[in-house]
Amino acid sequence: MEQPTVIVTGASSGVGLYSAKALAQKGWHVIMACRNLDKAEKAAKEVGINPDHYTALQIDLANFESVRNFVKNFRELGKPLKSLVCNAAVYLPIEKNPHRNPDGYELSVATNHLGHFLLINLLLEDLKNSPETDKRLIVLGTVTANRNELGGKIPIPAPADLGDLKGFEQGFKPPITMIDGKKFKSGKAYKDSKLCNMLTTRELHRRYHDSTGILFNSLYPGCVAETPLFRNHYGWFQKLFPWFQKNITGGYVSQELAGERVAAVVADPEYKKSGVHWSWGNRQQEGRDAFVQTLSPEGSDANKAKRVWELSEKLVGLA
């Protein structure tokens, strides 16, 4: 039988890699969308992904031309798309000054939100027109962008807060570095980008679920304390954080288990619901099931979701 096709961004390491592995084991064909194809091929071999169950395609989400080329190359494969998983992320928590993408946008927002936003919009027609059933578009969220969770209330470096979107309103070009137009804070930029991810899934559901039947959801698979996402953090943090999550909070989740949870939300019938944020929370008791997590007032703000969408369209050249 034809393998159902799923695209997973950032699939050469971390949660993305183990999501790809878990989906391949479920019989899917995984398009590993990665910046470095050699790294992707090596990683797939190391974790034992069957070569018949994946194709590595190059994408740099911070480069919008690269995103468009990826979509072109994917379409040339001729595979009907059943699911898209937006997983890739950049986290630069100790940077004092912003890095920027070729368009001049702050790098973490450009990669985590705007690049995925463009990719989603370009692939929507592929999902709509696919003969597959039970099609799903899944975006990885984070507890640190949800003020309804303890991790989202921690003020260091600052909680996620898009404000009045002044930075986006003004074009998000230098000297602007933050979505709210305020002073640059690298850790907050990451949180803000993930909040945009979760707002985007809400707006996707509002705009397209009823007319297409596609399921649009975000998820938090638990605290993945040992992941390449933290490779740009202080060395002491990379050692202490996993210990803290294992021994103090009980929130620790392995990359492999997180990948299995992502794969479940993509493929399993019990997650056949749209417009929600699936979560395993921050207490990983044995056998804990997922639940629908309520997002913060800002993360549930339909008007803000609509405005983020409209401004993002302009920033990536879709409007």
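Residues: numbered from 1 along the sequence shown. Since the structure is predicted, the reported quantities are computational estimates derived from the model, not experimental observations. Side chains included, hydrogens not; waters and symmetry mates left out as well; all remaining heavy atoms used.
- Remark: R68 pairs with no residue by the salt bridge (Lys or Arg N to Asp or Glu O under 4.0 Å) rule, at least two apart or across chains.
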Checklist entry - Can you list the steps and then say if S19 with V85 is a side chain to side chain contact (heavy atoms under 4.5 Å, CB included)? => result CA-CA 9 Å; S19 300; V85 179; 5.6 Å; no
Next on the checklist: I'd like to know whether E310 forms a salt bridge (charged side-chain N to carboxylate O under 4.0 Å, His left out) with K306, so could you lay out the CA-CA distance, the side-chain angles of the two residues, the decisive distance to 0.1 Å, and finally the verdict.
Outcome noted: CA-CA 6 Å; E310 293 168 347; K306 182 174 182 290; 2.6 Å; yes
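- Using modelled atom types, no side-chain atom of D301 and backbone atom of P297 make a donor-acceptor pair closer than 3.5 Å.
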Next on the checklist: Set out, in order, the CA-CA distance, both residues' side-chain angles and the distance that settles side chain to side chain donor-acceptor pair (under 3.5 Å) for E41 and Y54, then state yes or no.
Outcome noted: CA-CA 9 Å; E41 294 285 355; Y54 78 90; 2.5 Å; yes
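- The one candidate from K183, K185, R100 that meets the side-chain contact (heavy atoms from CB on, under 4.5 Å) condition with T177 is R100.
- Within the 4.5 Å cutoff, no side-chain heavy atoms of N101 are placed close to those of N63.
- Closest non-hydrogen pair, P102 versus A62, comes out as CD-O, 3.6 Å.
- Judged purely by atom type and a 3.5 angstrom limit, K128 has no side-chain atom pairing as donor or acceptor with the backbone of T212.
- F172 and Y105 make their closest contact through O-CD2, 3.3 Å (heavy atoms, listed as atom of the first residue, atom of the second, distance).
- A distance-only check finds a donor-acceptor pair linking the side chain of N197 to the backbone of N112 [under 3.5 Å].
- Taking CE of M32 as the reference point, atom NZ of K21 lies at 12.0 Å (rounded to 0.5 Å).
- With values rounded to the nearest 0.5 angstrom, L84 atom CG is found 9.0 Å from I138 atom CD1.
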Next on the checklist: Between Q25 and H53, is the side chain to side chain contact (heavy atoms under 4.5 Å, CB included) condition met? List the steps.
Outcome noted: CA-CA 8 Å; Q25 289 175 335; H53 282 262; over 6 Å; no
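- The minimum heavy-atom distance linking T5 with F74 is given by the pair CG2-CE1, 4.1 Å.
- Heavy-atom contacts from other residues, nucleotides or ligands closer than 6.0 Å to CZ of R35 number 12 or fewer.
- In plain terms, the two heavy atoms of S12 and A43 that are nearest each other are O-CB, 3.2 Å.
- Side-chain contact check for V253 versus R261: some heavy-atom pair is nearer than 4.5 Å.
- Proximity of T200 to H116: side-chain heavy atoms (C-beta onward) are nowhere separated by under 4.5 Å.
- Remark: side-chain polar atoms of K182 are not paired, donor with acceptor, to backbone N or O of K166 under 3.5 angstrom.
- Residues N303 and R307 fail the side-chain proximity criterion, which asks for heavy atoms closer than 4.5 Å.
- With N217 contributing its side chain and G275 its backbone, the two residues share a donor-acceptor pair below 3.5 Å.
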Item to check | Worked verdict on R206 versus E203 for side chain to side chain contact (heavy atoms under 4.5 Å, CB included) | outcome: CA-CA 5 Å; R206 186 189 72 82; E203 183 66 5; 2.6 Å; yes
Next on the checklist: Between S300 and R202, does the side chain to side chain contact (heavy atoms under 4.5 Å, CB included) criterion hold? Intermediate values first, please.
Outcome noted: CA-CA 8 Å; S300 305; R202 306 285 84 75; over 6 Å; no
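- Among residue pairs with one or both ends in residues 5-46, none qualify as ring pair (Phe, Tyr, Trp, His ring centres under 6.0 Å); sequence neighbours excluded.
- In this structure, the side chain of S130 engages the main chain of L81 through a donor-acceptor pair within 3.5 Å.
- Under the 4.5 Å side-chain heavy-atom criterion for ILVMFWY residues, a single connected hydrophobic cluster contains both F70 and L124.
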Validation: residues 264-272 side-chain donor-acceptor distances under 3.5 Å, sequence neighbours left out:
residue	atom	partner	partner atom	Å
D268	OD1	K26	NZ	2.9

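- Using modelled atom types, no side-chain atom of K314 and backbone atom of F168 make a donor-acceptor pair closer than 3.5 Å.
- Note on L215 and L295: separate hydrophobic clusters, where clusters join Ile, Leu, Val, Met, Phe, Trp and Tyr whose side-chain heavy atoms are under 4.5 Å apart, directly or indirectly.
- A24 and V30 get closest at one heavy-atom pair: N-CG2, 4.0 Å.
- By the side-chain hydrogen bond (donor to acceptor under 3.5 Å, both in side chains) test, D134 pairs with R136, sequence neighbours left out.
- Note that CD1 of I31 and OG1 of T9 are 13.0 Å apart. Values are rounded to the nearest 0.5 Å.
- A distance of 12.5 Å separates OG of S13 from NZ of K42, quoted to the nearest 0.5 Å.
- Side chains of V90 and L61 form no contact here, defined as non-hydrogen atoms less than 4.5 Å apart.
- The closest donor-acceptor contact from the side chain of N87 to the backbone of G10 lies under 3.5 Å.
- The closest side-chain donor-acceptor pair between S108 and E106 falls under 3.5 angstrom.
- In terms of modelled atom types and a separation under 3.5 Å, the side chain of K135 and the main chain of L127 share a donor-acceptor contact.
- Of the possible donor and acceptor atoms, one in the side chain of E298 sits under 3.5 Å from a partner among the backbone N and O of L162.
- The CG atom of L204 lies 8.0 Å from the CZ atom of F117; values are rounded to the nearest 0.5 Å.
- The hydrophobic cluster containing I7 does not contain L37, counting ILVMFWY residues as joined when their side-chain heavy atoms lie under 4.5 angstrom apart, directly or transitively.
- Cluster note: F184 groups with M178 through ILVMFWY side-chain heavy atoms spaced under 4.5 Å, whether in direct contact or through intervening members.
- Taking CG from L140 and OG1 from T201, the interatomic distance works out to 11.0 Å, rounded to the nearest 0.5 Å.
- Side-chain atoms of L77 and L57, non-hydrogen and from C-beta on, do get closer than 4.5 Å to each other.
- When the shell of 6.0 Å around CD of E76 is examined, it contains more than 12 heavy atoms from other residues, nucleotides or ligands.
- With sequence neighbours excluded, the residues satisfying salt bridge (Lys or Arg N to Asp or Glu O under 4.0 Å) with R75 are D126.
- Cluster membership check: L165 shares its hydrophobic cluster with W309, using side-chain heavy-atom separations under 4.5 Å among Ile, Leu, Val, Met, Phe, Trp and Tyr.
- The side-chain heavy atoms of P98 and L107, taken from C-beta on, include no pair separated by under 4.5 Å.
- Considering every non-hydrogen atom in both W278 and A290, the closest pair reads CE3-CB, 4.3 Å.
- Criterion: ILVMFWY side-chain heavy atoms under 4.5 Å apart, direct or through other members. Under it, I59 and V109 are part of a common hydrophobic cluster.
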